[in-house]
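See below for the structure under consideration.
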Amino acid sequence: MAVRLRYLSHELEVPLGQFVIGRSADCQLALDDPLVSRRHALLTVRGDSVTIEDLGSRNGVSLNGTKIEGPQKLAHGDHITIGGQEMVLENIPEEGLSSVPESIAFGHPRSAARSARMPTVAGHEGFETREDFWSDYTTPGVASQQNTSPTPSVNSANIVAAANVQPDRHVNALSLIGSVADKALAMGRAEEAERILLRSLNDVLQKARDGKEPPLDLASTAAIYAAKLASATGRGLWIDYIFELYTRIDQLVPGTVVDELYSAVRKVKTLDMGKMRAYTESLRSRSSSFGPSERFVQQRIEGLERLGGLK
């Protein structure tokens, strides 16, 4: 049974071997947190135990609220605090893990765990510079796809890329890379933010298209980032993304997303109103069941439709 690290409401599988956590892009789990050192902590998963140790970090490592000194053995449910980030170790059986020879478990400690890495934005101040930024990042359980062009080709027909990747059941990378994309957007690097977010947003929509409704908080996060990308890039297809997503999951677009959409609709260059109109029609057909707050959101979405019609 694989050891799992629960972080940001998701689960990372931690394989046998060494698993470094820190701020550096060379870590198996890279955290965008100023309180985290470049190489902050080391998880070691052996055949009979799991341990954690501080790698000489500035702020230390806490285990169940107590700062550790030296390697500490971990048990199922232990809480680990690194910088401002809290994570929980799960699936650590009392009798230890299935035995694997150390020559296999530790021969290539990075290769099995690279899928948990959070990427950093290449060339930005305060980030690691990595020319192979996107090709080196994979969602756990999904094969790496080589991206040979600096900017992804995006259009309304291929918003879900033809890479044939399936949404991962343990971790959706959106929760790990969102803050990185936010910084790229703040720096005015819209195409880079789009490149960072594209694969994870694709995964969410593909899950909805496959009839596997994503969690509502994940759908909301995806929609927020799609609206931000629409504002930053001027591409109306990201607005189409939001209305297709919420049509497929048959939910009311959250008010926070509607706020972002008002800004986005004003900034997009061209807008295909088909998906938005189909969605507002579906709302009208069931508006009799809405409460006051839901009707207010519906009215704001209808206002968006009128605003978009002026394009």
Side-chain angles (χ1 to χ4, degrees), residues 8-10 154-161 165-169 171-175 178 181-182 194 197-311:
L8 294 176
S9 300
H10 297 287
V154 184
N155 57 58
S156 57
N158 72 357
I159 189 77
V160 174
V165 294
Q166 295 298 319
D168 183 75
R169 64 190 179 89
V171 177
N172 189 291
L174 189 59
S175 62
D182 282 333
E194 188 175 61
L197 291 165
L198 180 63
R199 182 167 164 180
S200 294
L201 293 180
N202 288 348
D203 285 353
V204 175
L205 184 55
Q206 187 61 60
K207 180 175 286 189
R209 286 177 171 176
D210 291 342
K212 302 173 183 176
E213 184 173 319
L216 293 183
D217 59 342
L218 178 57
S220 175
T221 300
I224 286 285
Y225 279 115
K228 288 181 178 181
L229 288 177
S231 294
T233 65
R235 290 174 171 153
L237 64 92
W238 288 114
I239 293 176
D240 292 345
Y241 173 100
I242 295 169
F243 287 107
E244 179 180 351
L245 175 61
Y246 275 87
T247 297
R248 289 185 178 275
I249 65 176
D250 195 26
Q251 295 289 334
L252 186 66
V253 176
T256 52
V257 177
V258 176
D259 291 341
E260 292 283 349
L261 279 168
Y262 266 91
S263 175
V265 167
R266 291 185 176 97
K267 293 178 181 178
V268 297
K269 298 169 185 175
T270 59
L271 184 59
D272 180 354
M273 294 294 295
K275 288 185 171 62
M276 187 188 299
R277 285 176 177 146
Y279 179 75
T280 54
E281 282 300 319
S282 73
L283 291 185
R284 292 185 188 106
S285 68
R286 53 195 175 97
S287 60
S288 59
S289 64
F290 289 167
S293 61
E294 293 169 319
R295 288 197 185 96
F296 176 71
V297 173
Q298 179 193 2
Q299 290 168 3
R300 297 197 67 213
I301 294 171
E302 291 172 344
L304 271 175
E305 184 182 13
R306 293 190 291 273
L307 180 63
L310 299 176
K311 288 286 178 181

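Interatomic distance, CG of Leu271 versus CZ of Arg266, reported as 13.0 Å (0.5 Å rounding). Note that OG1 of Thr280 is 4.0 Å distant from CZ of Arg284, once rounded to the nearest 0.5 Å.
A distance-only check finds no donor-acceptor pair linking the side chain of Ser220 to the backbone of Leu216 [under 3.5 Å]. Remark: the backbone N or O of Gly274 is paired with a side-chain donor or acceptor of Asp272 at under 3.5 angstrom. Side chain of Ser200 to backbone of Leu197: no donor-acceptor contact under 3.5 angstrom is found. Distance alone, capped at 3.5 Å, is enough to place a donor-acceptor pair between the Tyr241 side chain and the Leu201 backbone.
Few gaps surround CZ on Phe290; more than 12 heavy atoms of other groups in view lie less than 6.0 Å from it.
Residues satisfying the salt bridge (Lys or Arg N to Asp or Glu O under 4.0 Å) criterion with Arg300, sequence neighbours excluded, are Asp259. With sequence neighbours excluded, no residue satisfies side chain to side chain donor-acceptor pair (under 3.5 Å) with Gln251.
No side-chain heavy atom of Leu283 sits under 4.5 Å from any side-chain heavy atom of Tyr246. The shortest side-chain heavy-atom distance between Ile242 and Glu260 does not fall under the 4.5 Å cut-off. Taking 4.5 Å as the limit, every side-chain heavy atom of Val297 sits out of range of all side-chain heavy atoms of Val253. Under the 4.5 Å side-chain criterion, counting only non-hydrogen atoms from C-beta, Lys275 is not in contact with Thr247.
Across all non-hydrogen atoms, the minimal contact from Ile249 to Ala208 is CG2-CB, 4.0 Å. Residue Glu294 comes nearest to Ser289 through the heavy atom pair OE1-O, 4.1 Å, listed as atom of the first residue, atom of the second, then distance. In plain terms, the two heavy atoms of Trp238 and Glu194 that are nearest each other are NE1-OE2, 2.8 Å.
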Between Arg286 and Asp250, does the side-chain contact (heavy atoms from CB on, under 4.5 Å) criterion hold? Intermediate values first, please.
CA-CA 11 Å; Arg286 53 195 175 97; Asp250 195 26; 3.4 Å; yes
Can you list the steps and then say if Phe243 with Ile301 is a side-chain contact (heavy atoms from CB on, under 4.5 Å)?
CA-CA 10 Å; Phe243 287 107; Ile301 294 171; 4.2 Å; yes
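At a threshold of 4.0 Å, the pair Glu244-Arg248 counts as salt-bridged, since one of the basic side-chain nitrogens sits closer than that to a carboxylate oxygen.
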